[in-house]
Number of protein chains: 4
Amino acid sequence: MSDPGGVAGDQLRAFVERIERLEEEKKVISDDIKDVYAEAKGTGFDVKILRKVISLRKKQPHEREEEDAILDLYMHALGMNGPANDA
Amino acid sequence: MSDPGGVAGDQLRAFVERIERLEEEKKVISDDIKDVYAEAKGTGFDVKILRKVISLRKKQPHEREEEDAILDLYMHALGMNGPANDA
Amino acid sequence: MSDPGGVAGDQLRAFVERIERLEEEKKVISDDIKDVYAEAKGTGFDVKILRKVISLRKKQPHEREEEDAILDLYMHALGMNGPANDA
Amino acid sequence: MSDPGGVAGDQLRAFVERIERLEEEKKVISDDIKDVYAEAKGTGFDVKILRKVISLRKKQPHEREEEDAILDLYMHALGMNGPANDA
DNA sequence: CACGATAAGAATTGGC
DNA sequence: GCCAATTCTTATCGTG
């Protein structure tokens, strides 16, 4: 309570610094990823689709199927055609 | 230059007020939309899929097909199966 | 759900229509805002600056609140009590 | 493009791999951050407050800059000149 | 464990 | 036509 700048304060500072350091590292990586997408774009790839590919690879097949199934259901309920495949 | 609170100031204020008023209205509508999604969710619908349905309806068929085609292309280039129906 | 096939089509359609209607209204307002900016530009104002002014006015109240909040937060975090609003 | 079929598969694969590799690294860091929060919690800190502190510290510099900026902006908008940095 | 809130990420839009 | 900025979406996290 009456230890301004004392133990609790030091600990707090330490945690804050560790987290902020890690967040910086994380930001560097995020920027790297952005760079790769930019490079891919420069080479003629469609970034939006590329992102979708990455995202599809991440998902488990089962997951994909389930989402597709619900989408199908909704589309049919609305009298629309089967969902191309925009998962 | 030396008309503080003068003509330019009045005009500026007027424009700012008109815009801010419209942005408020816009926000009300956005909130209404959120409410509808929430209500749909409460009724048992899957909000994520519902959003996707809305978005698909917005797109022209041609647009959809084109995106699908590119996706297919990429997936094949990577040796992955056709999108979605990994049967 | 008392529908043959899986999804309550009527309900779904109703939700979709409500959302699409609201999105249209929203678009109208967005266009109105654009018009006002265009008019301001025609009157000689710098649109970029005008946008910035609007955006800054939107943020200011929050900033004040947050500055107040951070003191409180630090003190709580250190086990001390805030100035007066020790909720 | 000198590939039979449409897309430069090797390039695409290379981009995908680079991105996926970076995303893995990013995930490791995210997990590290989580660990630090968990540790802080174990030491008796309130994680929610800690998060808020981090987030506020991130925003503060921007706020200061923006507060300075708004004066300038208003003056420019009114055709007056800023204090000293009339770039 | 579902819900709501917050934050990260992605996509669209507008300006240069 | 590209870059930047806003806006919309998705995912994570804490809470009841």
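Just so it is clear: chains get the letters A, B, ... in the order the sequence lines come, proteins before strands, and each one is counted from 1.
What separates CG of D/Leu50 from P of E/dA7 is a distance of 13 Å, to the nearest Å. At whole-Å resolution of the value, CD1 in D/Ile29 and P in E/dA8 are 14 Å apart. One interatomic measurement links the two molecules: NZ of B/Lys27 to P of F/dC8, which rounds to 11 Å at whole-angstrom precision. Rounded to an integer number of Å, the gap from NZ of C/Lys34 to P of E/dT12 is 15 Å. The nearest whole Å value for the distance from the CZ atom in A/Arg51 to the P atom in F/dT9 is 16 Å. The CD1 atom of B/Ile54 sits 16 Å away from the P atom of E/dT12 (whole-angstrom rounding). Atom C1' of nucleotide E/dG14 and atom CG of C/Asp35 are separated by 14 Å, given to the nearest angstrom. Distance B/Leu56 CG to E/dA11 P: 14 Å, rounded to the nearest Å.
DNA chain E is contacted by both C/Val47 and D/Lys58; D/Lys58 maps to the nucleotide lying nearer its 5′ end (nearest heavy atom per residue). Summary of the strand contacts: C/Asp46 and D/Glu23 both lie near DNA chain E, and taking for each the nucleotide with the nearest heavy atom, the more 5' one is attributed to D/Glu23.
Side-chain atoms of D/Arg18 never come within 3.5 Å of backbone atoms of D/Arg13 as a donor-acceptor pair (strictly under, hydrogens ignored). Side-chain atoms of C/Glu20 do not come within 3.5 Å of backbone N or O of C/Glu17 as any donor-acceptor pair.
For B/Phe45 and B/Tyr37, the ring centers are positioned 6.0 Å apart or more.
Checked for salt-bridge contact, B/Lys58 and C/Glu23 meet the test: a charged N lies under 4.0 Å from a carboxylate O.
At the phosphate of E/dG9, OP1 or OP2 sits under 4.0 Å from a side-chain N or O atom of D/Lys26.
For C/Lys48, counting side-chain heavy atoms from C-beta on, the closest listed nucleotide (F/dA11, E/dC16, F/dC13) is E/dC16.
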